[in-house]
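Inspection log for the structure reproduced underneath, given as structure tokens.
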Protein chains: 2
Amino acid sequence: MSKRINSHDVARKAGVSQSTVSLVLNGRMNARISQQTRERVIEAARQLNYSLNTSARALVTGKTQRISIVLNEPGNFRNHNSFFMDILAGVVDAAVETRYNIVFLSASYPDWRSLFDEIRGGSSDGVLLIGRYSDDPLTIALLDALFPTVCVSYSPNHCYFHSVDCDNELGGRLAMQHLIDLGHRNIAYIHPEESLSWVTERKQGIIQSMQENGVSEETLVCSCTPYLINDQEQSYQELMRVINTASVKPTALIFADEWRAQWLIEKMGEEGIHIPGDFSVVNFNSTILSERAYPPITSVWQPLTDIGQAAFRLLIDILDEKTVPSGIIRYPVRLDVRESTAPLEGAYVD
Amino acid sequence: MSKRINSHDVARKAGVSQSTVSLVLNGRMNARISQQTRERVIEAARQLNYSLNTSARALVTGKTQRISIVLNEPGNFRNHNSFFMDILAGVVDAAVETRYNIVFLSASYPDWRSLFDEIRGGSSDGVLLIGRYSDDPLTIALLDALFPTVCVSYSPNHCYFHSVDCDNELGGRLAMQHLIDLGHRNIAYIHPEESLSWVTERKQGIIQSMQENGVSEETLVCSCTPYLINDQEQSYQELMRVINTASVKPTALIFADEWRAQWLIEKMGEEGIHIPGDFSVVNFNSTILSERAYPPITSVWQPLTDIGQAAFRLLIDILDEKTVPSGIIRYPVRLDVRESTAPLEGAYVD
DNA sequence: TTGTATGCGTTATCAT
DNA sequence: ATGATAACGCATACAA
């Protein structure tokens, strides 16, 4: 293993001082350096195959030119998590235009504190947190420490934060309005923990739509299955239980999360339950997962890639110390009507 | 902005020297530190909310505990690049079990040299390169510099390298054998540049299969469209031109890359061309893209997630200076038969 | 068992 | 226009 080449080596070879090398290679204050020395330094660096040391620079400048993304679960890239992928596409798109690289905090940390230490320890200049719980201790700690942080697709319980999200409430209203328009009155809302802000926001929209349409909100059947329960058989059994024990059997289902809806309706199909014949189904996100489900699912679309881009740019603005208003940037949603919803049999529909 | 807290601050508070703090917090040589001092140091660190500085540690140890992945194209996460995603899933899976984070080299670099400098400048300890050209100058430069590098899904033109790939040649044979079994004799191979190792390896398998079956390899129509041409209309026109100008019109198409096959057959469907009625189609990778195409595509599957895992672990072994044999680790492939292939009309099939 | 001293490779301030 | 020199925060060899 040969010794690493540093700026002193370059300086020696070029016959100048090390600080001159630094000035030249950073392209700063070019006016102050004569053309001759510049060329000599650059040539020496080229000949020695010199690469500037990132850690040393970061140490002295306090800037890494990196932002980090915290992975929520081991399976973040499994199960074709197109929600995460679409956001990431936006983040990467935006990053490509900058001098920032992206570090994935993927290593195993014993607890959130060590992850917090890793983040604050200068692995990156800022962090993007995606779809976490509102009371996530990591989020709270980072915000408390005033570490540059942008929350994507959720809002933490904190007095001051930056977040990029979609209009979940409107999404809930669109979903419910669509089902009501189709004649449905008995509807179930299947969702994970309410400590996920999108779960409650969507629910609020759903209820609001019921009120607007004079439908008693008593008829809404809600069922909560923890977000991280990936046991498909268990989820299916639970869904059947909810449907069968409701005082009035629902004719339509709204799923707060996308992937569970996707494989549950396919599972229902296998079990002889017809979608939308037996149940109309609406879910959220409308990524490729819903688009190419069997049958394709009517879904509330949100501009995930735009959201990812916006989040990255917001973070960069914060790092550049531009004054950015705190709070939530909301992106619009729309309903993509597909084949999983149909008029309620016997219902009168305009 | 309050001053950053460092190990000196912790030392002062704990009434010990800075080096003792370092020893304690690194958990090394625990035996050498008395239980009392240890507790005092840990308590002081906790009270001061101390986080160890990554850059400083990296500077002195020469290790960053990061590996990097070079993004090939801006659109790496667009177009639902499930090839890349599936590999990444494996990499992340494996990384979660280690102390390594993953940095995405996503920033814009004016040329490969500056990217090379970034990599060698200590942004990470090793690098994973995915699906690049065999003569990729960045790959060659890294290998020449003996920088810890693992090539995924390609082999560079270099005397010494580590690579993880699948058995592309067998894949080509399986694809062709399947079509021959269905009675097809006039087949077109649609592929990107031959400087992509998988393109030529698959082609070799195709030709080998033709020889095994006594089919003249003269009948194979090959067409090359550069990999990065994403213009769908242009690609479609080119495909039609190839089909229509062949001396004998092909009855089956083998696509070397997955996504082009996916949207081309859907485009053909829109244009009134029936798959597999008019053409049988086989492609490679067999990710969700082929699985959920209209119609689902018969595809040569490879264990992308396993390959990603293996590549990461190989890189870690190299970093740990374990002795690992150079060359290519090949993973097996299989043919997933779906609805895009059918017996040639009028052909005699066993 | 603990402290002292040095160096990692930069940037940046201040002389010259 | 260029060169000394002092941090940056940590790990580690060596001294005590």
Side-chain angles (χ1 to χ4, degrees), chain A residues 1-42 44-45 48-66 99 117-118 120-123 125, chain B residues 1-42 44-45 48-65 117-118 120-123 125:
Chain A
M1 198 58 126
S2 61
K3 177 185 163 303
R4 282 225 30 161
I5 287 164
N6 59 28
S7 50
H8 286 98
D9 300 328
V10 177
R12 201 175 315 120
K13 174 137 193 151
V16 297
S17 78
Q18 181 272 334
S19 51
T20 301
V21 172
S22 177
L23 286 178
V24 170
L25 295 186
N26 282 308
R28 291 151 85 98
M29 326 190 182
N30 273 342
R32 288 179 43 189
I33 304 286
S34 76
Q35 192 61 23
Q36 281 191 21
T37 6
R38 272 197 58 198
E39 282 168 6
R40 274 223 311 287
V41 168
I42 289 173
L48 292 176
N49 241 305
Y50 168 71
S51 314
L52 185 148
N53 185 301
T54 306
S55 302
R57 161 182 281 178
L59 180 58
V60 61
T61 60
K63 260 88 188 63
T64 61
Q65 300 291 358
R66 271 175 257 136
R99 301 177 44 73
D117 285 337
E118 170 74 32
R120 256 215 339 177
S123 67
D125 303 332
Chain B
M1 201 56 131
S2 61
K3 177 185 166 300
R4 282 225 30 158
I5 287 164
N6 59 28
S7 52
H8 285 99
D9 300 326
V10 177
R12 201 176 315 122
K13 174 139 192 148
V16 297
S17 77
Q18 180 269 332
S19 57
T20 302
V21 173
S22 176
L23 287 177
V24 170
L25 296 184
N26 282 310
R28 290 150 86 97
M29 327 191 181
N30 272 343
R32 289 180 40 189
I33 303 287
S34 77
Q35 193 61 23
Q36 282 191 19
T37 5
R38 270 196 61 199
E39 283 166 7
R40 275 223 312 286
V41 168
I42 289 173
L48 292 176
N49 241 306
Y50 168 71
S51 314
L52 186 148
N53 186 298
T54 306
S55 301
R57 161 181 279 177
L59 180 57
V60 62
T61 61
K63 259 89 187 66
T64 61
Q65 300 292 359
D117 285 337
E118 170 73 33
R120 257 212 343 172
S123 66
D125 303 331

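Below, chain A is the first sequence line, B the second, and so on; all start at residue 1.
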Tell me the interatomic distance from D9(A), atom CG, to dG9(C), atom P, rounded to whole angstroms.
9 Å
Establish, with yes or no, whether the OP1 or OP2 oxygen of dT2(D) is under 4.0 angstrom from a side-chain nitrogen or oxygen of T37(A).
yes
For a quick test of reading the model: is some side-chain N or O of S7(A) closer than 4.0 Å to OP1 or OP2 of dT10(C)?
yes
Select base, sugar-phosphate, or nothing to describe what V16(B) touches, counting heavy atoms under 4.0 Å on all strands.
sugar-phosphate
Rounded interatomic separation in angstrom, taking CZ from R4(B) and C1' from dG9(D):
9 Å
Side-chain touch N26(B)/R57(B), heavy atoms, less than 4.5 angstrom
yes
Just by modelled atom types, is the S22(B) backbone N or O under 3.5 Å from a matching donor or acceptor in the S7(B) side chain?
no
Starting from C1' on dT12(D), measure out to CG on L52(B) and report it in whole angstrom.
14 Å
Indicate, yes or no, whether a donor-acceptor pair under 3.5 Å links the base of dA4(D) to the side chain of Q18(A).
no
Separation of R40(B) atom CZ from dT2(C) atom C1', in whole Å?
11 Å
For dG9(D), take OP1 and OP2 only and decide whether either is under 4.0 Å from a side-chain N or O of N53(B).
no
Using a cut-off of 4.0 Å on non-hydrogen atoms, how would the nucleic acid contact of T61(A) be classed: base, sugar-phosphate, or nothing?
sugar-phosphate
Just N and O in the side chain of S17(B): are any of them under 4.0 Å from OP1 or OP2 of dT4(C)?
no
Report yes if at least one side-chain N or O of S34(B) is closer than 4.0 Å to OP1 or OP2 of dT1(C); otherwise report no.
no
Show the numbers, then the answer: is there a side chain to side chain donor-acceptor pair (under 3.5 Å) between T20(B) and S17(B)?
CA-CA 5 Å; T20(B) 302; S17(B) 77; 3.1 Å; yes
Is there a donor in the side chain of R120(B) and an acceptor in the side chain of N53(A), or the other way round, less than 3.5 Å apart?
no
Expressed as a whole number of angstroms, how long is the span from N6(B):CG to dG9(D):P?
5 Å
Measure from CG on L25(A) to P on dT11(C) and round the result to the nearest Å.
8 Å
Note: G122(A) and T64(A) closest approach over all heavy atoms is O-CG2, 3.3 Å
Please pick, from dT10(C), dT12(D), dT11(C), the nucleotide with the shortest atom-to-atom distance to any side-chain atom of S22(B).
dT12(D)
Hey, does the side-chain of S19(B) have a donor or acceptor N/O within less than 3.5 Å of a partner on the base of dA5(C)?
no
Give S55(A) one of three labels, base, sugar-phosphate or nothing, depending on what nucleic acid heavy atoms sit under 4.0 Å from its own.
nothing
The test is side chain to side chain donor-acceptor pair (under 3.5 Å); show your working for S34(B) and T37(B) and say whether it passes.
CA-CA 6 Å; S34(B) 77; T37(B) 5; 2.3 Å; yes
Closest nucleotide of DNA chain C for A56(A) versus for V60(B): which of these residues is on the 5' side?
V60(B)
Nearest listed nucleotide, side chain of H8(B), among dT4(C), dT2(D), dC10(D):
dC10(D)
Output the rounded distance in Å from CZ (R38(A)) to P (dT2(D)).
11 Å
Which is more 5' along DNA chain C, the nucleotide nearest L59(B) or the one nearest Q36(B)? Just name the residue.
Q36(B)
Using atom CG of L23(A) as one end and atom P of dG3(D) as the other, report the distance to the nearest whole Å.
10 Å
Just to confirm, is there a sub-4.0 Å distance from OP1 or OP2 of dT11(C) to any side-chain nitrogen or oxygen of N26(A)?
yes
